[in-house]
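Reviewing the structure listed below.
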Amino acid sequence: MQIECFSLGKRFANPEENEDSVVILPGRGYAVIDGVTDRSGRRFGAMRAGRFASGLVSAEVTRFLMAEDLSVRGGQDRVRRLVEALGEALRAGYAAHGLLDKASADPAVRIGCTLALGYHDGPALQLVSIGDSGIRLSGKTLGTVRHVEEKPLDRVTALIRRECWAHLGRMRADPLPQRAISDDAVWNGLREPPAGLGAEACATIRAHVLRLCDEEMPKIARAEIERIVDSGISGQRAFSNHPTSDLGYGVLDGFAIADRHVFAADYPAAEVARLELFSDGYFAEPEAFGVAAWEASFAEVERIDPDKIGPYASVKGSGADSWTDDRTYLGIAFDR
């Protein structure tokens, strides 16, 4: 067996604040967990909220997989019990900090993380994914299987930032206000003009973003798109784990997760050659296996589009003091 792993926090001066976690249990299971950054800077003891959440989930994944008899097929029942156990661990975290009642009542108070997991389940390799951390599976006879949950909501907010940036680029020569105003727009939305952007310009950008969304996402209700365009990222928690909304997305936050947001699939373990798990700090996937290939791909993305306003448009970009996001890669090549 060959295992390769790399994880790096986005903040150059504070790599210890990396909110990603990994689980490596050779012969049992492997996971990449991406903590959701809390823009308020809230801390749980010494840890940021996202680090706290990913730490709770990584510890519970480890405990769960060590306690299970993985030589016996558990199937969907095991997946269900795992998801329940992760929710209980997060609720215990709220309770330990006196936040359980507030978190129960208000999604904006909740911590969260995504999960990409593969574990041995009798003769099968069971995959479980919640949120937009990714799984890539290449097997001797399986071809290539890939899973990352589609998240149209991120595309809507990325368009807010990209189009605001482009508009300001036509009007201004100074890139610092361009970045600051665009970041304000994507965080708070376009219901009201962000500081530095006039009402007429804000209305123009809003109308253009809505037209682009209509073109790219014609099946999504216009009212839902308008809601996120007007509220920005600050309002997206209303869509977390939503059971029916087309803008709904999955996240482990200690509360109910609709089945549609839990990806689970199993494959004959004897036919799997490689398992790769990765967080969304990687914006492009290389063809090759291993840390070197993934880091080369990362470097190429940074060369082409460091601000993430071009082919890799996102809700944030790299800057003078940080990468766009924490990034983690875990690859396992099985002996076959």
Side-chain angles (χ1 to χ4, degrees), residues 5-23 31-62 86-104 106-117 130-133 151 153-154 157 161 180 183-184 186-188 232-241 249-255 277-283 298 308 314-330:
C5 183
F6 178 84
S7 187
L8 184 65
K10 58 182 173 285
R11 296 179 178 85
F12 298 165
N14 302 101
E16 74 281 358
E17 293 193 342
N18 184 357
E19 294 177 302
D20 291 355
S21 296
V22 297
V23 173
V32 165
I33 300 129
D34 181 358
V36 177
T37 297
D38 184 336
R39 295 293 187 97
S40 72
R42 178 175 47 155
R43 289 184 177 269
F44 290 75
M47 289 184 283
R48 289 180 176 270
R51 181 65 191 171
F52 181 63
S54 75
L56 288 173
V57 168
S58 64
E60 183 57 26
V61 167
T62 300
L86 298 180
E88 290 170 3
L90 287 164
R91 288 193 295 276
Y94 292 124
H97 289 266
L99 289 173
L100 184 56
D101 289 343
K102 289 183 179 179
S104 299
D106 184 1
V109 177
R110 297 173 188 173
I111 60 177
C113 60
T114 66
L115 170 70
L117 168 67
I130 298 171
D132 55 7
S133 289
K151 194 176 176 185
L153 182 146
D154 278 351
T157 48
R161 181 171 175 270
D183 287 350
D184 187 355
V186 77
W187 177 250
N188 293 308
I233 296 172
S234 63
Q236 75 174 27
R237 286 309 291 265
F239 294 92
S240 64
N241 296 322
Y249 63 94
V251 63
L252 281 163
D253 62 5
F255 296 92
L277 311 171
F278 51 96
S279 64
D280 64 351
Y282 288 101
F283 285 79
F298 172 83
K308 307 302 182 297
S314 179
V315 299
K316 51 190 173 181
S318 299
D321 60 354
S322 66
W323 302 116
T324 304
D325 206 348
D326 306 328
R327 66 186 188 273
T328 298
Y329 167 82
L330 174 58

- [ ] Answer yes or no: is there an ion pair linking Glu19 with Lys10, defined by an N-O contact shorter than 4.0 Å?
- [x] yes
Task: Distance-only donor-acceptor check, side chains Thr324 and Ser318, under 3.5 Å - done: yes
Task: Where Ser279 and Asp34 come nearest, the two heavy atoms and their spacing - done: CB-OD2, 4.0 Å
TODO: Return the minimal non-hydrogen interatomic distance between Cys113 and Val251, and the atom names on each side.
DONE: O-CG2, 3.5 Å
Task: CZ on Phe12 to OG on Ser322, rounded to 0.5 Å - done: 6.0 Å
- [ ] Output the distance between atom OG (Ser58) and atom CG (Leu117), rounded to the nearest 0.5 Å.
- [x] 12.0 Å
Open item on the list: Which heavy atom of Val61 sits nearest to which heavy atom of Ala31, and what is that distance?
Closed with: CG1-CB, 4.5 Å
- [ ] State, yes or no, whether a side-chain contact exists between Asp154 and Asp132 at a heavy-atom distance under 4.5 Å.
- [x] yes
Open item on the list: Would you say Thr328 and Asp20 are linked by a side-chain donor-acceptor pair, where the criterion is simply a distance under 3.5 Å?
Closed with: yes
- [ ] Please assess Phe278 against Ser133 for the test side-chain contact (heavy atoms from CB on, under 4.5 Å), listing each intermediate value before the final yes or no.
- [x] CA-CA 6 Å; Phe278 51 96; Ser133 289; over 6 Å; no
- [ ] Let me see the working for Glu16 and Arg48 under salt bridge (charged side-chain N to carboxylate O under 4.0 Å, His left out), right down to the final yes or no.
- [x] CA-CA 11 Å; Glu16 74 281 358; Arg48 289 180 176 270; over 6 Å; no
Task: Residue pair Cys5 / Leu330: nearest heavy atoms and the distance that separates them - done: CB-CD1, 3.9 Å
Show me the side-chain donor-acceptor pairs of residues 92-99 shorter than 3.5 Å, one per line, residues at least two apart or across chains.
{"unit_1": "Tyr94", "atom_1": "OH", "unit_2": "Ile111", "atom_2": "N", "d": "3.1"}
{"unit_1": "Tyr94", "atom_1": "OH", "unit_2": "Ile111", "atom_2": "O", "d": "3.4"}
{"unit_1": "Tyr94", "atom_1": "OH", "unit_2": "Asp253", "atom_2": "O", "d": "2.7"}

- [ ] Indicate yes or no for a side-chain donor-acceptor contact from Ser234 to the backbone of Trp187 under 3.5 Å, with no hydrogens or angles considered.
- [x] yes
Open item on the list: Restricting to non-hydrogen atoms, name the atom on Thr114 and the atom on Gly131 that form the minimum distance, rounded to 0.1 Å.
Closed with: CG2-CA, 3.8 Å
Open item on the list: So Ser240 and Tyr249, do their side chains get closer than 4.5 Å, heavy atoms only?
Closed with: yes
Task: Verdict with reasoning, Asp326 to Leu8, per side-chain contact (heavy atoms from CB on, under 4.5 Å) - done: CA-CA 6 Å; Asp326 306 328; Leu8 184 65; over 6 Å; no
Open item on the list: What verdict does the side-chain contact (heavy atoms from CB on, under 4.5 Å) test give for Leu90 and Phe255, after you've listed the backbone C-alpha separation in whole Å, the side-chain angles of each residue and the deciding distance to 0.1 Å?
Closed with: CA-CA 9 Å; Leu90 287 164; Phe255 296 92; over 6 Å; no
Open item on the list: Main chain of Asn14, side chain of Arg11: is a donor-acceptor contact present, judged purely on distance under 3.5 Å?
Closed with: no
Open item on the list: Does Arg327 qualify as a cation-pi partner of Phe298, given the criterion of NZ or CZ under 6.0 Å from the six-membered ring centre and within 45 degrees of its axis?
Closed with: yes
Task: Straight-line distance of Leu56 CG to Leu252 CG, nearest 0.5 Å - done: 11.0 Å
Task: Evaluation steps, salt bridge (charged side-chain N to carboxylate O under 4.0 Å, His left out), between Arg42 and Asp38 - done: CA-CA 7 Å; Arg42 178 175 47 155; Asp38 184 336; 2.8 Å; yes
TODO: Say whether Asn18 and Ser7, considering side chains only, have a donor N or O and an acceptor N or O under 3.5 Å apart.
DONE: yes
Open item on the list: If we ignore hydrogens and angles and just use 3.5 Å, is the side chain of Arg91 paired with the main-chain N or O of Leu86 as donor and acceptor?
Closed with: no
Task: Residue pair Asp325 / Asp280, side-chain heavy-atom distance below 4.5 Å - done: yes
Open item on the list: Can you tell me how far apart CD1 (Ile130) and CD1 (Ile33) are? Round to the nearest 0.5 Å.
Closed with: 10.5 Å
Task: Residue list, salt bridge (charged side-chain N to carboxylate O under 4.0 Å, His left out) with Arg51, at least two apart or on another chain - done: none
Open item on the list: Could you report the tightest heavy-atom contact between Lys308 and Arg161, atom names first, then the distance?
Closed with: O-NH1, 3.1 Å
Task: By side-chain hydrogen bond (donor to acceptor under 3.5 Å, both in side chains) - contacts of Thr157 (at least two apart) - done: none
